[in-house]
Amino acid sequence: MTSLVDKFGRQISYLRISVIDRCNLSCFYCMPTANGCSRSMGDALDLDGIVRIVRAAAVCGISKIRLTGGEPLLRPDLTELVENISAISGITDISLTTNGALLHQLARPLAAAGLNRINISLDSLQSEVFQRITRGGKLENTLTGLLAAYEAGLTPLKINVVLLKEINDGEVADFARLTLDRDIHVRFIEFMPITGDSHNWKKHYQPIDIAMKQCASIAPLLEEECPENGGPARYFRFKGGKGKLGFISPLSRHFCSQCNRLRVTAQGKLRACLFSEEEIDLRPLLGQEDEVIRAFSHALTAKPDPTCLDSDPLVRCRPNTFGMVSIGG
Ligand code: SAM
Ligand code: SF4
């Protein structure tokens with residue numbers, strides 16, 4: 001087994017795979033238009049292709065896999081995919097990021113197939129606000145899904161909240177209080193201008209420190225030790241609280257020097273960085289594991305210098321026509 005370490009000393013152990021670029025919601029900060037992404041499931045990698053990529057990744061020392069999208073639960077063979085990935089030697093952790101709307105039926109089968117953990121995107125606890133952000137989504141579907149995931153043991157359950165000024169910033173305390181008596185993690189994330197919609201970004205971007213201050217005014221926050229290779233969130237706990245609060249600040253305090261991940265898009269393009277457009281097409285290489293392994297090593301050379309990313313978010317995020325739904329958030 002090899003190990004992926006880039007020239008800045010960052011050890012890559014984590015691969016995020018977008019398994020589909022369609023979605024059943026149209027969050028305004030992610031999906032450029034309400035009509036959804038024009039690319040269909042048709043050109044997403046098939047199950048065999050994804051499994052081959054994960055096998056090669058495992059040979060390179062990657063142990064953690066996150067399946068994302070688009071909305072991964074729309075993929076008809078998702079349970080089978082998880083089952084296949086969990087059988088790959090060296091893969092010790094499989095997680096999923098989802099909007100949860102279809103989780104009600106799928107939480108148990110996914111857990112049985114080997115899924116370890118789940119992140120659910122939930123930006124508001126108020127039906128109308130949820131509907132506005134997702135352009136028509138139903139809050140109750142996501143809440144039912146969340147409960148199903150909890151009951152299926154897909155824990156610790158993480159709730160991702162994109163912080164949006166004048167939309168959901170008044171709900172920070174409501175979200176934070178969920179962690180007082182439940183073992184769940186609520187993570188606030190800064191809104192990135194990834195779709196290039198600078199108008200909405202300027203209007204609704206809120207630095208994460210403001211949410212942190214709002215939380216600290218509820219009860220004292222105790223900082224939690226960051227697990228090794230634990231990702232970009234800074235974690236805290238309310239004194240006596242069961243769950244955790246996470247703060248993710250890709251813009252105000254970026255965490256590129258700790259970045260431990262590579263990404264694969266739904267079409268099989270290997271990306272070294274969310275903020276860079278360089279991609280390696282893995283699809284033509286899938287017949288030869290050696291070539292895929294070589295592509296992983298090569299991708300490391302494309303990981304940007306953590307100190308050299310542009311400080312202007314509108315430049316750094318390089319507007320992507322398809323938004324996060326295409327790259328895989
Ligand atoms: N559909 C799934 C979901 O919503 O969880 C998985 C894909 S989604 C692209 C993954 C994550 O990216 C979500 O937590 C979402 O909130 C986040 N995301 C999308 N666009 C974003 C943006 N412009 N800024 C910050 N986070 C974003
Ligand atoms: Fe869909 Fe997730 Fe993007 Fe919302 S954040 S549009 S649920 S892919």
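Note that ligands are numbered from 1 as they come in the structure, with each ligand's atoms numbered from 1 the same way.
Ligand-side atoms of ligand 1 in range of N160: 14 (O), range being under 4.0 angstrom from any heavy atom. Using a 4.0 Å cut-off to heavy atoms of F191, the atoms of ligand 1 that qualify are 23 (N), 24 (N). Ligand-side atoms of ligand 1 in range of E71: 1 (N), 2 (C), range being under 4.0 angstrom from any heavy atom. The atoms of ligand 1 that sit less than 4.0 Å from any heavy atom of V162 are 16 (O), 26 (N). Each of the following atoms of ligand 1 lies closer than 4.0 Å to a heavy atom of E190: 24 (N), 25 (C).
At under 3.5 Å, not a single nitrogen or oxygen of T97, backbone or side chain, sits near a nitrogen or oxygen of ligand 1. Considering backbone and side-chain N/O atoms, N119 never comes within less than 3.5 Å of an N/O atom of ligand 1. Considering backbone and side-chain N/O atoms, M192 comes within less than 3.5 Å of an N/O atom of ligand 1.
At least one donor-acceptor pair closer than 3.5 Å links the side chain of H204 to the backbone N or O of K165. At least one donor-acceptor pair under 3.5 Å links the side chain of E71 to the backbone N or O of L73. Under the 3.5 Å distance criterion, the side-chain polar atoms of D169 are matched with a main-chain donor or acceptor of E166.
Side-chain N/O atoms of S124 and E171 include a donor and acceptor closer than 3.5 Å.
Looking at G69, C27, P72 and measuring to atom 4 (Fe) of ligand 2, the nearest heavy atom belongs to C27. Considering each of P250, C27, G69, S121, the one bringing a non-hydrogen atom nearest atom 14 (O) of ligand 1 is S121.
At a cut-off of 2.8 Å, C30 coordinates atom 3 (Fe) of ligand 2 through an N, O or S atom.
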Stepwise side-chain hydrogen bond (donor to acceptor under 3.5 Å, both in side chains) test for D174 and Q126 = CA-CA 10 Å; D174 295 340; Q126 298 172 17; 4.9 Å; no

Criterion salt bridge (Lys or Arg N to Asp or Glu O under 4.0 Å) on D209 and K213, from CA distance to verdict = CA-CA 6 Å; D209 284 358; K213 280 187 193 135; over 6 Å; no

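Between T134 and F28 there is no side-chain heavy-atom pair separated by less than 4.5 Å.
The closest approach between any non-hydrogen atom of G70 and ligand 2 is below 4.0 Å. Taking 4.0 Å as the cut-off, G70 counts as a neighbour of ligand 1 on heavy-atom distance.
The pair E224-K244 counts as a salt bridge, with a side-chain nitrogen and a carboxylate oxygen less than 4.0 angstrom apart.
With a 4.0 Å cut-off on non-hydrogen atoms, T68 touches ligand 1 through its side chain and not its backbone. Of all the heavy atoms of L25, none lies under 4.0 Å from any atom of ligand 1, so neither backbone nor side chain is involved.
When ring centroids are compared, F236 and F247 come within the 6.0 Å threshold.
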